[in-house]
Student: 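Quick one: the structure is below, questions incoming.
This chain uses plain numbering: 1 for the first residue, then up along the sequence.
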Amino acid sequence: MTDSTPTAGPSRRTVLVGAAAVAALAGTRSLLPGGAAHGAGTTAAPPFATVRSQWLATLIGDVDLADPVVARYATDLAAAAKPLWDSLETGAGRTFLWADLDSGSTSALQTTAIGRIRTLALALKTPGSALTGDTALAADLVSALDWFLAHKYGGGVGRYDNWWDFQIGIPLALNDVCLLLHDQLTVTQVGTAMTAIRKYAPDPRMTAEMTSTGANRNWACSIAIVRGALSEDAAVIADAKNAYVPVFDYATSGDGFYPDGGFVQHEYFAYTGSYGFSLLQYLTYSMLAVRGTEWAFTASRLQRVVDWVEQNFRPWMHAGAFMDMTRGRALSRFYQTDHRLGHLTVATLVQLADVLPAADGAALRSVCKGWIAADTTQPYFDHDDVPIEQVRIPSVVRGRALVADGSVPTGSESTRSVVATSMARAVHRRSGFALGIAMDSTTIKPYETANDENLQGWYTGEGATYLYLPDKPGHWANQYWPTADKYRIPGTTVQVKPLALGAGRGSTNTWTGGVVQDDVSAVGMGLSFGKQTLRARKSWFGFGDVVLHLGAGITSSDGVRVETVVEQRNTGPDGQTVPVVDGRATLTTTSSTATTLTPRWVHVPGTGGYVFPAGTSVRALHEDRTGRWTDMDHRGTYEDATAHTRRFVTLWLDHGIDPTNASYSWLQLPGATQAQVSAAAVSEDVSVLANTASLQAARQASTGVTALNAWTSGTAAIGGIRIDRTGCVVVRRDDDGMAVSVSDPTGKLTGT
């Protein structure tokens, strides 16, 4: 990123970019069809012009070049785009646009190609860019678009490889290109593009020859809205609005948003931080594009989106980053880290706030201001040319306004714990940390691998824990996934045996879920498989600032070792973190040979502590690990084959070969100091009441709270509580009486 900024004049200079001003930017014609390119004397129907200009405003908007941060962002956008122009093939006899995208069999490369045209068009139209209004670039882009539509998309080109590229990926970018270059294109050229989109995606209700759902339905509808505005076909826009209806309904199975805070896509996968985000993103742009027209979304639709932001998105973000356990196979993409997805989410939300009722918009801006301030790992206002899609400059402008506006409070992190059984995810949140728990069942699979992505995601959703700390916001984004041991994901209980890339073990578990009462969480997950004999019961009881981990009934007969992973913490490329065990620095040098410890407590500076029952044997490693993103991602497109090295502190429990009814217990204190961990080791505030394959229970004396997970019906009374069915229970006794919270993680119980 360059630090150079345009020299500001003696007075404050504001450049407004919108439908009326785009001609001045390009130095040619108006955006509206009344311009010379579309025939003298013609006038666009106002609603179509409004939709086009309002969508365009989400792309380039109003830019204040007197703000050095905004000016620098525009400069960096052009700097990132310039190499794309330099490498663009412009010869009359060309057979490709970019040499590295020369393929007629990999559809993703064509999505990348139109995406690059879109990037260059943004640089052409964004004020302050060195490429703004460059007539040579404009000519090259129009020519490249013509070639693309003649040879790669539309006409006689049949669909191949991945349907998504032809029906969603390419149309999303192509619509934007047509809006950005609208004043350079003729009616015929725009019509050719829209005919191509209609060829592959004629009906937003259908994708891949199936009824579209969730994010796919949303993408298809937003594509149709812009296509209708560009082709000036009111029926297309109206049909897209009608097709949007099921997107707003809460799901009861399969894809979509759930009332418990979950979002599912592809029927079996937790996907809020990928498909769910993109749904919100393009729904936001659609809402902004049609506001004030006959196609505007109703107040009830806007309220539903407000509810989604609070219930389905906010719990899964921390310090401006989107939790990896909700991002599906995007977890294995080097260009889509948790912080990059977080930036795009904030960028969407600051635009969404403009279309919401005043009070809701103000509350949302406050939340966004907090996330912008919290993300010290990858600052929101730094241009990052790695992602395929960049934060749009209107969102940078809005972010700058938020930071400068003293009347908007800086929002704090959510402290509301959530159990979203619908997608087998839970998060225990406090002001000092968030601990995510990713689980699986017969209805939610542990990980998705498709298109040769996320091939080592075996254990990322199988009782895995994800710790987020405010002073260590970059832990997961700091090359964690290419370098971590994929067989030792924190929280998991696993057989120690090599797995084939993309392998599944066929979960047969039907007990996953939990319950929340104030600052207490009771979460549980069973382990059982069709392809392994491993069985276990796993519980997490969050009592305020501490989390009790319990495991019981750990049994296996496949002739292999079984381990439960306590922690695998990334301390950076040359991390100087040294664990402290019972008050003494331990593992002071790195080694690939494990050490056996019998600690009462372990403190990992900057991470927190772990308290174990007396006599617990813990295996430990302090090692440097090297890996590549291409170990997980074999698509062969847009990849990072760099060898990255990071230093890790790893702790695990060895249950031996073919254990029978093995168990474990430890107390985790996220973000705690060494003194706090040492004190917890001698405290009896949290006690284990039961840890068997039929019942796991614990009590916190200081709060009078008892939490239990009953895995079988008719368990004996414990802690003054008896539950006659399976389920999760939290009971709080205090001077005000008693509060009881209950849930059925199987979702199958009936009757009283």
Student: Excluding sequence neighbours, so at least two apart, what forms salt bridge (charged side-chain N to carboxylate O under 4.0 Å, His left out) with D239?
Tutor: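 Per chain and number, D239 pairs via salt bridge (charged side-chain N to carboxylate O under 4.0 Å, His left out) with R205.
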Student: What do the steps show when you test L179 against N175 for side chain to side chain contact (heavy atoms under 4.5 Å, CB included), and what is the final call?
Tutor: CA-CA 6 Å; L179 286 172; N175 274 340; 5.6 Å; no
Student: Could you verify whether a donor N or O on one side chain and an acceptor N or O on the other, from D324 and W481, lie under 3.5 Å apart?
Tutor: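 Looking only at side-chain atoms, W481 and D324 do form a donor-acceptor pair, the distance falling under 3.5 Å.
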Student: How about T207 and R217: do any of their side-chain heavy atoms sit closer than 4.5 Å?
Tutor: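 They are not in contact (no side-chain heavy atoms under 4.5 Å apart), so the answer is no.
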Student: Applying the side chain to side chain donor-acceptor pair (under 3.5 Å) criterion to D165, which one of T112, T111, T106 satisfies it?
Tutor: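 Among the candidates, only T111 passes.
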Student: What orientation do W219 and W164 show, parallel under 30°, tilted 30 to 60°, or perpendicular over 60°?
Tutor: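 The rings of W219 and W164 stand perpendicular, inter-plane angle above 60°.
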Student: Can a donor-acceptor pair be found, under 3.5 Å and without considering hydrogens, that links the side chain of D633 to the backbone of R333?
Tutor: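 Answer holds: no.
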Student: State whether the side chain of N312 and the backbone N or O of Y258 hold a donor-acceptor pair below 3.5 Å, judged by distance alone.
Tutor: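 Checking the backbone N and O of Y258 against the side chain of N312, a donor-acceptor pair under 3.5 Å is found.
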Student: For the pair T126 (side chain) and A123 (backbone), establish whether a donor and an acceptor sit closer than 3.5 Å, ignoring hydrogens and angles.
Tutor: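 Not confirmed, T126 side chain does not pair with A123 backbone.
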Student: Side-chain contact test, heavy atoms from C-beta onward, threshold under 4.5 Å: evaluate it for L279 versus F257 and give yes or no.
Tutor: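 They are in side-chain contact.
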Student: State, without any angle test, whether Q378 and H343 hold a side-chain donor-acceptor pair at a distance under 3.5 Å.
Tutor: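 No pair is found: no donor N or O on one side chain lies under 3.5 Å from an acceptor on the other.
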Student: Which heavy atom of A420 sits nearest to which heavy atom of G262, and what is that distance?
Tutor: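 Smallest heavy-atom distance, with atoms named: CB-N, 3.8 Å.
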Student: For a quick test of reading the model, state the closest non-hydrogen atom pair linking P482 to H644 and the distance between them.
Tutor: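 Heavy-atom minimum between the residues: CG-CD2, 4.4 Å.
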Student: Of all the heavy-atom pairs spanning A201 and Q167, show the shortest one and how long it is.
Tutor: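 Where A201 meets Q167 most closely, the heavy atoms are CB-O, 3.8 Å.
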Student: Do K241 and F297 touch side chain to side chain, with heavy atoms closer than 4.5 Å?
Tutor: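 The answer is yes; the side chains approach within 4.5 Å.
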Student: Within a strict 4.5 Å, meaning less than it, do heavy atoms of the I170 and Q110 side chains meet?
Tutor: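 Yes - at least one pair of side-chain heavy atoms lies under 4.5 Å apart.
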Student: About how many Å separate OG1 of T58 and OH of Y285, when rounded to the nearest 0.5 Å?
Tutor: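 The distance works out to 6.0 Å.
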Student: Output the distance between atom CG (N242) and atom CD1 (I237), rounded to the nearest 0.5 Å.
Tutor: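 Interatomic distance, N242 CG to I237 CD1, rounded to 0.5 Å: 12.0 Å.
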Student: Calculate, to the nearest 0.5 Å, the distance between atoms CD and OG1 belonging to E267 and T213 respectively.
Tutor: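 Those atoms lie 8.5 Å apart.
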Student: With a 4.5 Å cut-off on side-chain heavy atoms, are V355 and T284 touching?
Tutor: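 Heavy-atom side-chain distance check fails, nothing below 4.5 Å.
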Student: Please identify each residue that fulfils ring-ring contact (aromatic ring centres under 6.0 Å, His included) with Y200, with sequence neighbours left out.
Tutor: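 For Y200 the ring-ring contact (aromatic ring centres under 6.0 Å, His included) partners, ignoring immediate neighbours, are Y153, F166.
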Student: Between the side chain of S278 and the main-chain N/O of S274, is any donor-acceptor distance below 3.5 Å?
Tutor: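 No; judged by distance alone, with no hydrogens or angles, the pair does not exist.
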Student: Can you tell me how the ring of F313 sits relative to the ring of F322, calling it parallel under 30°, perpendicular over 60° and tilted otherwise?
Tutor: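 Geometry flag for F322 against F313: perpendicular rings.
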Student: Just grab all the side-chain hydrogen bond (donor to acceptor under 3.5 Å, both in side chains) pairs involving residues 88-97, residues at least two apart or on different chains.
Tutor: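 Only R94-S143 qualify under side-chain hydrogen bond (donor to acceptor under 3.5 Å, both in side chains).
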Student: Backbone N or O of R291 within a donor-acceptor pair of the Q54 side chain at under 3.5 Å?
Tutor: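 Flag set: sc Q54 to bb R291 pair under 3.5 Å.
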Student: Return the minimal non-hydrogen interatomic distance between A229 and V51, and the atom names on each side.
Tutor: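 Heavy atoms of A229 and V51 come nearest at CB-CG1, 3.6 Å.
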Student: Can you pull out every salt bridge (charged side-chain N to carboxylate O under 4.0 Å, His left out) where at least one residue sits in residues 107-122? Sequence neighbours excluded, please.
Tutor: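 Non-adjacent pairs meeting salt bridge (charged side-chain N to carboxylate O under 4.0 Å, His left out): D100-R116, R118-D176, R118-E389.
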Student: So does P204 get a backbone contact from the side chain of S212, meaning a donor-acceptor N/O pair under 3.5 Å?
Tutor: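 Side chain of S212 to backbone of P204, a donor-acceptor pair under 3.5 Å: yes, one is there.
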Student: Taking only residues two or more places apart in sequence, or in another chain, which ones meet K82 in a salt bridge (charged side-chain N to carboxylate O under 4.0 Å, His left out)?
Tutor: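 Partners of K82 under the salt bridge (charged side-chain N to carboxylate O under 4.0 Å, His left out) test: D86.
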Student: Residues two or more places apart in sequence or in another chain: which of them pass side-chain hydrogen bond (donor to acceptor under 3.5 Å, both in side chains) with N216?
Tutor: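 Checked N216 against side-chain hydrogen bond (donor to acceptor under 3.5 Å, both in side chains); zero matches.
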Student: To the nearest 0.5 Å, how far apart are CG in L97 and CG in L109?
Tutor: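 The CG atom of L97 sits 11.5 Å away from the CG atom of L109.
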Student: Check whether NZ of the Lys or CZ of the Arg R301 lies under 6.0 Å from the centre of the six-membered ring of Y244 and within 45 degrees of that ring's axis.
Tutor: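 No, cation not above the ring by the 6.0 Å, 45° rule.
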Student: Donor-acceptor check, side chain of Q265 to backbone of A215, threshold 3.5 angstrom: yes or no?
Tutor: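 Side chain of Q265 to backbone of A215, a donor-acceptor pair under 3.5 Å: yes, one is there.
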Student: Side chain to side chain contact (heavy atoms under 4.5 Å, CB included) for D307 and Y250? Distances and angles first, verdict last.
Tutor: CA-CA 11 Å; D307 294 341; Y250 280 117; 4.0 Å; yes
Student: Rounded at 0.5 Å granularity, tell me how far CD1 in I117 sits from CG in L124.
Tutor: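 If we round to the nearest 0.5 Å, I117:CD1 and L124:CG are 12.5 Å apart.
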Student: Starting from the C-alpha separation in whole Å, work towards a yes-or-no answer on side chain to side chain contact (heavy atoms under 4.5 Å, CB included) for Y380 and S395.
Tutor: CA-CA 10 Å; Y380 178 78; S395 296; 3.5 Å; yes
Student: Between W98 and L84, is there a donor-acceptor pair closer than 3.5 Å when you use the side chain of the first and the backbone of the second?
Tutor: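 Checked: pair present.
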Student: Could you tell me whether a side-chain N or O of S107 sits under 3.5 Å from a main-chain N or O of N162, the two making a donor and an acceptor?
Tutor: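 Answer holds: yes.
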Student: May I have the step-by-step check of side chain to side chain donor-acceptor pair (under 3.5 Å) for D146 and Q189, ending in yes or no?
Tutor: CA-CA 8 Å; D146 286 341; Q189 287 171 310; 3.1 Å; yes
Student: Please determine whether salt bridge (Lys or Arg N to Asp or Glu O under 4.0 Å) holds for the pair R398 and D354, giving the CA-CA distance in whole Å, both sets of side-chain angles, and the decisive distance to 0.1 Å.
Tutor: CA-CA 10 Å; R398 285 167 173 79; D354 290 352; 2.7 Å; yes
Student: Which atoms form the tightest heavy-atom contact between G155 and K199, and what is the distance?
Tutor: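 Nearest heavy atoms, G155 then K199: O-NZ, 2.6 Å.
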Student: Counting N and O atoms only, with roles assigned by atom type, does the side chain of W458 sit under 3.5 Å from a partner on the main chain of P446, one being a donor and the other an acceptor?
Tutor: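 Checked: no pair found.
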Student: Determine whether L352 and L349 make a side-chain contact, defined as any pair of heavy atoms from C-beta on separated by less than 4.5 Å.
Tutor: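 A side-chain contact under 4.5 Å exists here.
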Student: Atom OH in Y275, atom CD in Q281: separation rounded to 0.5 Å?
Tutor: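 Answer for the OH-CD pair, Y275 versus Q281, is 14.0 Å.
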Student: Are any non-hydrogen side-chain atoms of T630 and D640 less than 4.5 angstrom apart?
Tutor: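 Answer no - side chains too far apart.
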Student: I need the minimum non-hydrogen distance between S105 and D161, along with the two atoms involved.
Tutor: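 Residues S105 and D161, closest heavy atoms: O-CB, 3.4 Å.
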Student: Please test I60 against L180 for side chain to side chain contact (heavy atoms under 4.5 Å, CB included), starting from the C-alpha separation and ending with a verdict.
Tutor: CA-CA 9 Å; I60 49 180; L180 289 161; 4.2 Å; yes
Student: Would you say the side chain of L185 lies within less than 4.5 Å of the side chain of H182, judging by non-hydrogen atoms?
Tutor: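 Sidechains of L185 and H182: no contact.
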Student: Taking the ring centre of each residue, are F277 and F263 less than 6.0 Å apart?
Tutor: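 No, ring centres 6.0 Å or more apart.
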